[in-house]
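Owing to the predicted nature of the structure, the values given are computational and were not obtained by experimental measurement. The basis for the numbers below is simple: all heavy atoms, side chains too, and nothing from hydrogens, waters or symmetry mates. When a ligand or atom number is given, it counts from 1 through the structure's own listing order.
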Amino acid sequence: MTRDHWALNSLRSMSDEEFFLWQALIESRVGMTVGESRRSFLCTNLGVRMRELGIHDYESYYEVLVQGAPALVEPEWAILTDRLTVQETSFFRHQPSFDCLGRHLNECLMRPAIRQLNVWSVGCSTGEEPYSVAMLLQVLIESSGRSKDLFWGVMASDISIPALGKGRKGQYSERRIQQIPEMWRQKFLEPVQAGLWQFKASIREKICFAQLNIMEIEQAPYFDMDVIICQNVLIYFKKFRKRDIVARLVDKLKPGGLLILGVNELVDWQHPELVRVADPGVLAFSRKTK
Ligand SMILES: C[S@@+](CC[C@H](N)C(=O)[O-])C[C@H]1O[C@@H](n2cnc3c(N)ncnc32)[C@H](O)[C@@H]1O
């Protein structure tokens, strides 16, 4: 890899054959389909990364990713994936899903036999989703009077290491936290500096952030989840992959547990162990209790 004169050499445009190879490589590794409409997005982001590495053509970069030593390839995939994935998110994104989550959690809290509650945010991006879940859970637990006899936690996973780092830090701009109700902002956040807020340690320590490729979800050491929330992650995945991933998520769910997906993310199919929640505004399912 040489850095000489890279800026002077403009990158040759990607041939159709190369595009198909890159499409297949990314899909097999990350699950995401890069359609024709995102071809220029792919070329731009590959180009930026190749410039950083001093690589001059798509073929050489492809070879690095396919044939390079694992110690080199793994961190490179982490960086590239981060550039290619969409990390847009917000607090309480899609309120009807959070209303549905709240109803389910309240039902669980009314059952004294339930002594712990575990929620998993899959594809958690920079943390807004798991913090929304944690705030909601804490408020519901407090109002149910079960703060003392219930253990709870939120798992938060994503493929992007930088996104997870931001989540762990739990710092957000003043503008971003406006999506959180005023009373909850006062309860859960504290100022760091002008225009910047951080979640208090008491809520941060309830969330465990971990890197996980959804394509390898079966390896995650999480079982018997009460709720799995996986919104706006499967949109770029092919139908057969979505079904496969949902099937693996079901294996991680407790009987009676709730799975929340993004609306319209799974159509024309339902896992045999799932029953759709009767709310047309959300795409949520509970796992049959057998
Ligand atoms: C659009 S964000 C959605 C964030 C959040 N769930 C929400 O609804 O606001 C999609 C997230 O999925 C993650 N992602 C994409 N492909 C993934 C994969 N193969 N494994 C794990 N996470 C992935 C991205 O890194 C990104 O953070």
Keeping Asn45 on the side-chain end and Phe41 on the backbone end, is there a donor-acceptor pair under 3.5 Å?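 Yes; at least one donor-acceptor contact below 3.5 Å.
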Holding to side-chain contact (heavy atoms from CB on, under 4.5 Å), I want the full list of residues that pass it with Tyr62, two or more places apart in sequence or in another chain.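 side-chain contact (heavy atoms from CB on, under 4.5 Å) check on Tyr62 returns Leu21, Trp22, Leu25, Val66.
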What protein heavy atom is closest to [atom], reported as residue, atom name and distance in Å?
atom	answer
atom 2 (S) of ligand 1	Val86 O, 3.3 Å
atom 9 (O) of ligand 1	Thr89 OG1, 2.5 Å
atom 19 (N) of ligand 1	Val30 O, 2.8 Å
atom 8 (O) of ligand 1	Asn232 ND2, 2.8 Å
atom 22 (N) of ligand 1	Ile159 N, 3.3 Å
atom 7 (C) of ligand 1	Arg93 NH1, 3.3 Å
atom 27 (O) of ligand 1	Asp158 OD2, 2.7 Å
atom 20 (N) of ligand 1	Ile214 N, 2.8 Å

With a heavy-atom distance limit of 4.0 Å, tell me whether Thr85 approaches ligand 1 through its side chain, its backbone, both, or neither.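 Within the 4.0 Å criterion, Thr85 contacts ligand 1 through side-chain atoms alone.
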Heavy atoms only, cut-off 4.0 Å: how does Leu212 contact ligand 1, side chain, backbone, both, or neither?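 Just the backbone.
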For [X] and [Y], which I'm curious about, is there any donor-acceptor pair between the side chains at under 3.5 Å?
X	Y	answer
Thr33	Gln23	no
Thr85	Gln87	yes
Asp82	Ser160	yes

Below 4.0 Å from ligand 1: does a non-hydrogen atom of Met32 turn up there or not?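 It does not, in that no heavy atom of Met32 comes within the 4.0 Å cut-off of ligand 1.
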Is the ring centre of Phe223 less than 6.0 Å from the ring centre of Trp120?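 Not under 6.0 Å, so no.
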Do the two ring centres, one from Phe199 and one from Phe188, sit under 6.0 Å apart?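 Between Phe199 and Phe188, the centre distance exceeds or equals 6.0 Å.
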Heavy-atom distance to atom 6 (N) of ligand 1: which of Gly123, Ser97, Ser160, Ser90 wins?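 The nearest heavy atom belongs to Gly123.
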Go through ligand 1 atom by atom and flag the ones less than 4.0 Å from a non-hydrogen atom of Glu129.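 Heavy-atom distances to Glu129 below 4.0 Å select 5 (C), 6 (N), 7 (C), 8 (O).
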Using a strict cut-off of 4.0 Å, indicate which atoms of ligand 1 neighbour a heavy atom of Ser125.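 Going through ligand 1 atom by atom, the ones under 4.0 Å from Ser125 are 4 (C), 27 (O).
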Results of side chain to side chain donor-acceptor pair (under 3.5 Å) for Glu205 - residues two or more places apart only: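 Listed in chain order: nothing, the list is empty.
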With nothing but distance in play, are any N or O atoms of Val233 less than 3.5 Å from an N or O of ligand 1?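 Among all N and O atoms of Val233, none is under 3.5 Å from an N or O of ligand 1.
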Would a hydrophobic clustering, with Ile, Leu, Val, Met, Phe, Trp and Tyr connected at side-chain separations under 4.5 Å, put Val119 with Leu258?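 Val119 clusters together with Leu258.
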From the options Arg176, Lys166, Arg93, Gln179, select the one residue that forms a side chain to side chain donor-acceptor pair (under 3.5 Å) with Glu128.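 Looking at Arg176, Lys166, Arg93, Gln179, the match for Glu128 under the side chain to side chain donor-acceptor pair (under 3.5 Å) is Arg176.
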